[in-house]
Enquirer: 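Supplied in structure tokens, the structure appears directly below.
Residues: numbered from 1 along the sequence shown. No experiment lies behind these values; they were computed from the predicted model shown.
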Amino acid sequence: EQVAVAPKVDRRTKAGKEQWAEFEMMHPNKVHINDEDARHLAAMHAAVRNHKVAAKLLDDRTATEVSVLWGDERTGVQCRCRPDLVSGNVIVDLKTTFDASKAAFSHTMHKYRYQVQAAYYLDGCRAVGLVPDVSDFVFIAVEKKPPYGVAIYHLPADDIDRGRFQYEKDLTHFEYAKRTNRWRGYSEAIDSIQLPYFARKEIDILTG
């Protein structure tokens, strides 16, 4: 209902332009994806569905992509989130990744601050009663390329606490900036910069 697979046409030609115009007319207000992406998405969908625990979480869901709005008691900031799905007392987030192994996904989680998202979503969903006070957050990680490996990871309470520390700090900065209209940027002074350590090391080895 939301996505249409685009035909392979040369839009530089008259015939291609006509075919594309017909396609757009038949599928208005839809996201257009190409055939290769459609095949990958179908395979990823099948991989998640073939994973017994992931399939159970999906089948037992009690809410899907519901908008959650609440006020942060400490800062007064109005907050919102949109969890992928809630399954009982578990918030489930689907992540696509190039490597779903535990070691690789741990680094991905740190890079993209997934622990911050987990704590923020948990606190928001608890605030509005979407999940009970005792609830968990899990990631379903599915690889973007064959063999489309799937793994499910539960974030422990101490890492949730670390994420909570980070998002509370972020909210404090946001509230201050909004109240004073002083938004953090980069330094107005000339600063020094250097190549990353690995690049300097690589060049130094080559040059002796």
Enquirer: Tell me whether Ile160 is reachable from Val131 by hopping between hydrophobic residues (I, L, V, M, F, W, Y) whose side-chain heavy atoms are closer than 4.5 Å.
Expert: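 Linked, Val131 and Ile160 end up in one cluster.
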Enquirer: For the residue pair Pro83 and Cys125, what are the closest heavy atoms and their distance?
Expert: CG-SG, 4.0 Å
Enquirer: Under the rule for side chain to side chain contact (heavy atoms under 4.5 Å, CB included), what residues qualify as partners of Pro156, not counting sequence neighbours?
Expert: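 Scan of Pro156 (side chain to side chain contact (heavy atoms under 4.5 Å, CB included), adjacent residues dropped) gives Asp158, Asp159.
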Enquirer: Are Met44 and Phe105 connected, step by step, through hydrophobic side chains (Ile, Leu, Val, Met, Phe, Trp, Tyr) whose heavy atoms are closer than 4.5 Å?
Expert: no
Enquirer: Using every non-hydrogen atom in the two residues, find where Arg49 and Ala55 come nearest and quote the distance to one decimal.
Expert: O-CB, 3.4 Å
Enquirer: If you look at every heavy atom in Leu155 and Phe139, which pair is closest and at what distance?
Expert: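 Where Leu155 meets Phe139 most closely, the heavy atoms are CD2-CE1, 4.4 Å.
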Enquirer: Looking at Ile152, Thr97, Val150, which one forms a side chain to side chain contact (heavy atoms under 4.5 Å, CB included) with Val142?
Expert: Val150
Enquirer: Can you give me the closest heavy-atom contact between Val48 and Ala54, atom names plus distance?
Expert: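 Looking at all heavy atoms of both residues, the shortest contact is O-CB, 3.6 Å.
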Enquirer: Of all residues at least two apart in sequence or in a different chain, which pass the side-chain hydrogen bond (donor to acceptor under 3.5 Å, both in side chains) check with Glu168?
Expert: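 Partners of Glu168 by the side-chain hydrogen bond (donor to acceptor under 3.5 Å, both in side chains) criterion come out as none, since no residue qualifies.
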Enquirer: Per the salt bridge (charged side-chain N to carboxylate O under 4.0 Å, His left out) rule, what does the pair list look like for residues 1-17, sequence neighbours excluded?
Expert: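 Sorted result for residues 1-17: Asp10-Arg12.
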Enquirer: Give me the atom names and distance for the closest heavy-atom approach of Ile140 to Leu57.
Expert: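 For Ile140 and Leu57, the tightest heavy-atom pair comes out as CD1-CD1, 4.4 Å.
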Enquirer: Within the supplied structure, the quantity of interest is the number of heavy atoms (other residues, nucleotides, ligands) at a distance under 6.0 Å from Arg82 CZ; does it exceed 12?
Expert: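 Buried by this count: over 12 neighbours within 6.0 Å.
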Enquirer: I would like to know whether Leu69 and Val128 meet side-chain contact (heavy atoms from CB on, under 4.5 Å); could you show each step before the answer?
Expert: CA-CA 8 Å; Leu69 307 171; Val128 300; over 6 Å; no
Enquirer: Does the side chain of Tyr167 pick up a donor-acceptor pair with the side chain of Asp123 at under 3.5 Å?
Expert: yes
Enquirer: More than 12 non-hydrogen atoms from neighbouring residues, nucleotides or ligands closer than 6.0 Å to CG on Asp133, yes or no?
Expert: no
Enquirer: Please check if the number of heavy atoms outside His173 that lie under 6.0 Å from its NE2 is greater than 12.
Expert: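 Buried by this count: over 12 neighbours within 6.0 Å.
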Enquirer: Is there a donor-acceptor contact under 3.5 Å linking the side chains of Asp72 and Trp70?
Expert: no
Enquirer: With a 4.5 Å cut-off on side-chain heavy atoms, are Tyr120 and Arg164 touching?
Expert: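 Not in contact.
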Enquirer: If you compare all heavy atoms of Asp84 against all heavy atoms of Val92, which two are closest, and at what distance to 0.1 Å?
Expert: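 It is CB-O, 3.4 Å.
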Enquirer: Count the heavy atoms belonging to other residues, nucleotides or ligands that lie under 6.0 Å from CG of Asp204, then report whether that count exceeds 12.
Expert: yes
Enquirer: May I ask you to decide if the ring planes of Tyr114 and Tyr112 are parallel, tilted or perpendicular, using 30° and 60° as cut-offs?
Expert: parallel
Enquirer: Decide if atom CZ of Arg179 counts as having more than 12 heavy atoms of other residues, nucleotides or ligands within a radius under 6.0 Å.
Expert: yes
